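For reference, the structure is listed below as structure tokens.
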Number of protein chains: 2
Amino acid sequence: MQKELKMADKGMDEAPGLTVQVSEGKERGGAAKSHEQWLTGAGLKATLPRVRILQHLKTAHDEQRHLGAEEIYARLYQAGERIGISTIYRVLLNLEQVGLVTRHQFSQGAVSRCVYELSFGERHDHMVCVETERVIEFRDPVIEARQEQIAQAHGYEVVGRELVIRVRRITP
Amino acid sequence: MQKELKMADKGMDEAPGLTVQVSEGKERGGAAKSHEQWLTGAGLKATLPRVRILQHLKTAHDEQRHLGAEEIYARLYQAGERIGISTIYRVLLNLEQVGLVTRHQFSQGAVSRCVYELSFGERHDHMVCVETERVIEFRDPVIEARQEQIAQAHGYEVVGRELVIRVRRITP
DNA sequence: ATTAGTGCAAATCCTTTGCAGCCAT
DNA sequence: ATGGCTGCAAAGGATTTGCACTAAT
């Protein structure tokens with residue numbers, strides 16, 4: 001069962017007009033430093049797969065994109081890194097557990113895949129463009145306050161929330 | 001592979017204090033009529049599996065509960081109906097396509113399962129109790145208006161949304 | 001009668017796990 | 001060195017699909 005390779009050729013179907021910038025090749029150092037610090041600071045060994053995955057999540061964040069495990073695999077593969085899909089899942093789990101990444105579901109019509117984003121500390125909600133898959137993060141104190149009020153009005157306290165607005169670009 | 005039977009014994013772990021009422025046995029008629037009309041009205045044959053599934057979704061709705069495919073299977077099984085799990089998935093898909101049911105993801109921490117609810121026409125958001133799994137539906141014009149505004153402010157129009165607030169009962 | 005719908009088994013997709021070898025600390 | 005990581009293969013759960021058969025109009 002050659003699962004590890006089978007999605008290598010899945011293109012990454014970029015949004016039109018978006019250029020992917022996986023800026024570095026195989027050399028270490030430079031921008032990678034801070035990722036290593038994030039890892040060690042969170043009590044995780046700064047291994048190459050972890051650093052690379054963080055880098056790609058960072059790149060994706062800059063592109064307003066959330067990646068699924070296989071997309072991360074594909075990007076790494078294109079960049080010449082052969083990192084097993086199982087490692088990717090495990091690393092993402094580790095990163096989630098230490099709070100460095102957040103997992104989302106963003107289920108569309110059919111089957112669901114999880115997507116991951118770097119956690120920059122503060123919570124936020126998401127708008128997802130149904131055409132480009134672009135993700136826009138936002139916070140709205142009014143909505144948040146309202147959620148609290150509604151929960152309380154029913155005798156509940158809020159322990160978590162997820163708001164996803166599916167949107168389409170207005171092109172008049 | 002006896003998939004079709006293996007979840008028959010999965011209890012349905014009711015919320016404390018909630019009594020399940022699968023009111024009818026195996027005879028037809030009575031309350032079933034309207035379900036058959038919903039089906040034929042939507043252009044679907046009123047087959048027994050479809051009617052039964054609608055009935056159970058109705059019951060579940062009255063219990064403030066959303067069911068997954070296997071839970072529906074289990075309830076049917078308990079009620080003496082042997083309907084294959086694949087049929088349940090297919091029926092749910094049909095019902096979703098004609099707008100009679102809505103599929104949700106309500107993903108918790110780990111693996112996700114889909115849950116289904118009868119569509120009574122108007123959209124609403126959900127609060128899900130993390131302890132009892134009870135689902136409270138609500139609408140809030142303020143939140144909805146805000147969502148529109150936010151989308152427009154970014155140059156988008158809303159095509160869909162899903163807000164799930166995970167809550168816990170306040171017991172002072 | 002005819003075609004859609006069903007049941008069963010098998011396939012698929014995404015994700016997780018077991019285990020032996022590898023690499024950061 | 002050594003215990004946590006990795007890779008691969010295989011298992012797993014939820015959902016879908018292929019196909020022969022049954023049932024609703």
Side-chain angles (χ1 to χ4, degrees), chain A residues 1-8 10 28 32 35-37 39-53 67-74 76-77 81-98 103-116, chain B residues 1-8 10 28 32 36 39-53 67-74 76-77 81-98 103-116:
Chain A
M1 202 182 282
Q2 65 292 53
K3 275 267 184 64
E4 305 281 333
L5 292 181
K6 80 152 195 265
M7 72 297 286
K10 276 188 185 172
R28 311 284 290 280
H35 290 142
E36 294 174 357
Q37 290 172 346
L39 287 167
T40 54
L44 294 177
K45 279 190 189 172
T47 65
L48 201 130
R50 286 173 177 168
V51 172
R52 288 290 184 252
I53 288 173
L67 303 180
E70 297 203 348
E71 285 167 277
I72 296 173
Y73 177 92
L76 286 164
Y77 195 95
E81 315 271 358
R82 295 298 118 101
I83 296 181
I85 190 71
S86 33
T87 298
I88 292 174
Y89 278 108
R90 259 183 301 226
V91 167
L92 288 169
L93 182 60
N94 298 156
L95 297 177
E96 189 188 9
Q97 288 169 334
V98 301
R103 187 210 303 231
H104 295 287
Q105 199 89 56
F106 292 0
S107 49
Q108 47 275 60
V111 213
S112 61
R113 74 200 219 295
C114 291
V115 293
Y116 302 82
Chain B
M1 201 182 283
Q2 64 291 53
K3 274 269 182 62
E4 304 280 333
L5 293 182
K6 82 152 193 266
M7 71 297 284
K10 275 187 184 172
R28 311 284 290 278
E36 293 174 357
L39 288 166
T40 54
L44 293 178
K45 278 190 191 171
T47 64
L48 201 132
R50 285 173 178 168
V51 173
R52 290 290 185 252
I53 288 172
L67 303 180
E70 297 203 349
E71 286 167 275
I72 296 173
Y73 176 91
L76 286 165
Y77 195 94
E81 314 271 359
R82 296 297 119 99
I83 297 181
I85 190 73
S86 32
T87 297
I88 292 174
Y89 277 109
R90 259 183 302 224
V91 167
L92 289 169
L93 182 60
N94 297 156
L95 296 177
E96 188 188 9
Q97 288 169 335
V98 300
R103 188 209 302 230
H104 295 286
Q105 198 88 55
F106 292 0
S107 49
Q108 46 274 57
V111 212
S112 58
R113 76 199 219 294
C114 292
V115 293
Y116 302 81

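Just so we're on the same page: letters track the sequence lines, and every chain starts at 1. It should be emphasised that the depicted structure is a prediction, and the values quoted were computed from it without experimental measurement.
Considering only heavy atoms from C-beta on, Y77(A) comes within 4.5 Å of R82(A) through its side chain. Side-chain contact between I53(B) and L76(B): present, with at least one pair of heavy atoms (C-beta onward) separated by less than 4.5 Å.
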Write down the protein N/O and nucleotide N/O pairs, taken from nucleotides 18-21 of chain D, whose separation is under 3.5 Å; answer none if there are no such pairs.
| from | atom 1 | to | atom 2 | distance (Å) |
| --- | --- | --- | --- | --- |
| dG18(D) | O6 | R90(B) | NH1 | 3.3 |

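When rounded to the nearest whole Å, the span between CG of L67(B) and P of dA14(D) equals 15 Å. Straight-line distance from the CD1 atom of I83(A) to the P atom of dG7(D): 6 Å, rounded to whole Å. Between the C1' atom of dT17(C) and the CD1 atom of I88(A) lies a distance of 17 Å, rounded to the nearest Å. Here dG7(C) presents its C1' atom at 14 Å from OH of Y77(B), a figure rounded to the nearest Å. As rounded to whole Å, 14 Å separates atom C1' of dA23(D) from atom CD of E36(B). To the nearest angstrom, C1' of dC23(C) lies 11 Å from CG of L48(A). At whole-Å resolution of the value, CD1 in I85(A) and C1' in dA11(D) are 16 Å apart. Atom CD of E81(A) and atom P of dT6(D) are 13 Å apart (whole Å).
Under 4.0 angstrom from either OP1 or OP2 of dG7(C) there lies at least one side-chain N or O belonging to T87(B). Contact check, T47(B) against dT6(C): a side-chain N or O comes under 4.0 Å of OP1 or OP2.
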- Full working for side-chain contact (heavy atoms from CB on, under 4.5 Å) between E96(B) and L93(B): CA-CA 5 Å; E96(B) 188 188 9; L93(B) 182 60; 4.1 Å; yes
- Message: Determine whether E70(B) and R113(B) satisfy the following criterion, salt bridge (Lys or Arg N to Asp or Glu O under 4.0 Å), listing intermediate values before the conclusion.
- Response: CA-CA 9 Å; E70(B) 297 203 349; R113(B) 76 199 219 294; over 6 Å; no
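If one axis is set at each end of the helix from dA1(C)-dT25(D) to dT25(C)-dA1(D) from five pairs, those axes are 30° apart, to 10°.
The existence of a salt bridge linking R50(A) and E36(A) is excluded, since no basic side-chain nitrogen approaches an acidic carboxylate oxygen closer than 4.0 Å.
To the nearest 0.5 Å, atom CG of residue L92(B) and atom CD of residue Q97(B) are 11.0 Å apart. Within the model, atoms CG of L67(B) and CD1 of I72(B) stand 5.0 Å from one another, a figure rounded to the nearest 0.5 Å. The structure places OG of S86(B) at 9.5 Å from OH of Y73(B), a figure rounded to the nearest 0.5 Å. Once rounded to the nearest 0.5 Å, the distance linking SG of C114(B) with NE2 of H104(B) reads 10.5 Å.
Where R50(A) and Y116(B) meet DNA chain D, the nucleotide closest to each residue was compared, and R50(A) sits on the side nearer the 5' end. Taking the nucleotide of DNA chain D with the nearest heavy atom to each of G68(B) and K45(B), the more 5' of the two is matched to G68(B).
Listed nucleotides dT6(C), dC14(C), dT16(D) differ in distance to Y89(A); the shortest reach to its side chain belongs to dC14(C). The side chain of C114(A) sits closest to dT15(C) out of dG5(C), dT15(C), dT25(D).
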